[in-house]
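Written below as structure tokens is the structure these notes are about.
Note that this is a predicted model, so its numbers are computed, not measured.
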Amino acid sequence: MASRVFPPDRPGDSPPVLLLHSFASDGAADWVETGVVAALTGAGRTVVVPDLRGHGDSPAPAAAHECGARAVAEDIVAVLDGAGVTAFDVVGYSLGARLGWELPEAAPGRVRRAVFGGLSPVEPFAAVDVAALHRAVRDGAEPEDPFTAMIAGMVRSRGERAAGLALCVEGLRGTPFEAAPWGGPTPPVFVIGEDDVMTRGIERIVSLVGGAEPIIVPGGHFQVLGGAAFRDTIVRVLGQ
């Protein structure tokens, strides 16, 4: 898994921050171009930004099982180990938030604070017709199911990355998100777009975590990530 480490602008005692991007995106688009990396390094934090398998500069998966949630979490832990990171804070958006939920179990005792934006309370890929998705990528056949067609459009927009991303969908569908109680030492902060339909029902997840803080910000699912409210919330929460 490819990754970049951004050093702080000034020395600090706080642990590094791990940033996990959304589906069909990459670390640069979600975190560098939105100014989140600059805001965190400006606050004295080292920042680790991986590209998930099949995304960005990381290799495409050879099979769907390489993209199951636990397998990807283990990839993320390997990135942290390679960077010499022990304790860390984590920020994830959408798919990145879903994978971030796995880290207290995959990296016991190492997660400090967490900020999760755009987290769906259910596994969205469970509704995908995987066979139709693969046909759409391979042959251009348009799926009959509207949701599968939408995912196919996202995947095909990534050009040569499309086949690998379809395998990512299959792997994640096979390991659906079922939120167990949060395993970190402090409750995560949930950032929720006021118009984000993907997060409907998130109250169920928040209720699993005593003391969890939901923060409502302007925008829908694709607007929150680049907004100042999300960026400012990250810096504030991780600075506590």
Side-chain angles (χ1 to χ4, degrees), residues 1 18 20-25 30 50-55 58 60-77 90-108 111 114-137 143-155 158 161-184 188 190-193 196-209 212 214 221-222 225:
M1 183 183 289
L18 171 69
L20 299 176
H21 65 76
S22 56
F23 177 69
S25 187
D30 279 12
D51 288 336
L52 301 174
R53 188 179 295 272
H55 296 73
S58 288
H65 69 83
E66 296 179 3
C67 300
R70 187 54 190 259
V72 178
E74 290 172 355
D75 279 348
I76 294 167
V77 174
V90 58
V91 179
Y93 194 80
S94 195
L95 173 59
R98 182 261 181 276
L99 295 170
W101 200 277
E102 302 281 329
L103 291 179
E105 182 177 350
V111 179
V115 179
F116 294 140
L119 177 64
S120 173
V122 298
E123 178 54 64
F125 293 137
V128 172
D129 182 337
V130 169
L133 176 62
H134 286 304
R135 285 195 299 272
V137 170
E144 294 182 4
D145 169 59
F147 184 71
T148 302
M150 182 191 76
I151 297 298
M154 290 179 64
V155 164
R158 309 308 292 178
R161 283 287 186 186
L165 289 171
L167 285 173
C168 290
V169 171
E170 182 179 352
L172 290 162
R173 186 182 186 277
T175 54
F177 180 48
E178 297 176 359
W182 175 244
F190 297 89
V191 180
I192 303 162
D196 187 355
V197 298
M198 292 291 290
T199 61
R200 285 179 180 170
I202 192 65
E203 297 82 7
R204 179 178 66 84
I205 307 300
V206 175
S207 69
L208 291 174
V209 186
H221 193 72
F222 295 105
L225 181 61

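- Taking every heavy atom of both residues into account, Leu18 and Pro50 meet most closely at CD1-CD, 3.7 Å.
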For this session: Let me see the working for Asp51 and His21 under side chain to side chain contact (heavy atoms under 4.5 Å, CB included), right down to the final yes or no.
Result: CA-CA 7 Å; Asp51 288 336; His21 65 76; 4.2 Å; yes
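- Minimum heavy-atom separation, Arg53 to Asp75: NH2-OD2, 3.0 Å.
- The CG atom of Leu133 sits 10.5 Å away from the CZ atom of Phe147 when rounded to the nearest 0.5 Å.
- Residues satisfying the side chain to side chain contact (heavy atoms under 4.5 Å, CB included) criterion with Ala149, sequence neighbours excluded, are Glu142, Pro143.
- Between Ala60 and Gly164, the shortest heavy-atom distance links the atoms CB-CA, 4.3 Å.
- Judged by distance alone, with hydrogens and angles left aside, the side-chain atoms of Arg173 form a donor-acceptor pair with the main-chain N or O of Val128 at under 3.5 Å.
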For this session: List the steps, then state whether side chain to side chain contact (heavy atoms under 4.5 Å, CB included) holds for Leu167 with Glu170.
Result: CA-CA 5 Å; Leu167 285 173; Glu170 182 179 352; 3.9 Å; yes
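- Contact record, Gly54 with Pro61: CA-CD, 3.8 Å, taken as the closest heavy-atom pair.
- Here the side chain of Ser22 pairs no donor or acceptor atom with the backbone of Ser94 at under 3.5 angstrom.
- Within the 3.5 Å criterion, the main-chain N or O of Ala132 finds no donor-acceptor partner in the side chain of His134.
- Using a 30° and 60° split on the angle between ring planes, Trp101 and Phe116 fall in the tilted class, from 30° to 60°.
- With sequence neighbours excluded, the residues forming a side chain to side chain contact (heavy atoms under 4.5 Å, CB included) with Met154 are Phe23, Ala24, Ile151, listed by chain and number.
- For the atom pair Leu165 CG and His55 NE2, the distance stands at 5.0 Å (nearest 0.5 Å).
- Counting non-hydrogen atoms of other residues, nucleotides and ligands closer than 6.0 Å to CD of Glu105 gives a total of 12 or fewer.
- A distance of 6.0 Å separates CG in Leu172 from CD in Glu123, rounded to the nearest 0.5 Å.
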For this session: Report the C-alpha separation of Leu20 and Leu103 in whole Å, then their side-chain angles, then the decisive distance to 0.1 Å, and conclude whether the side chain to side chain contact (heavy atoms under 4.5 Å, CB included) test is met.
Result: CA-CA 11 Å; Leu20 299 176; Leu103 291 179; 4.2 Å; yes
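- When side chains are defined from C-beta on, Pro188 counts as touching Trp182, because their heavy atoms get closer than 4.5 Å.
- Contact between Glu102 and Arg70 at its shortest, heavy atoms only, is OE1-CD, 4.4 Å.
- Using modelled atom types, one side-chain atom of Arg204 and one backbone atom of Pro121 make a donor-acceptor pair closer than 3.5 Å.
- Between Pro214 and the options Ile202, Ile192, Ile205, a side-chain contact (heavy atoms from CB on, under 4.5 Å) holds for only Ile192.
- Heavy-atom contacts from other residues, nucleotides or ligands closer than 6.0 Å to CZ of Arg200 number 12 or fewer.
- Neither side chain, Thr148 nor Asp129, offers a donor N or O lying under 3.5 Å from an acceptor on the other.
- Tyr93 and Gly118 get closest at one heavy-atom pair: CE1-N, 3.6 Å.
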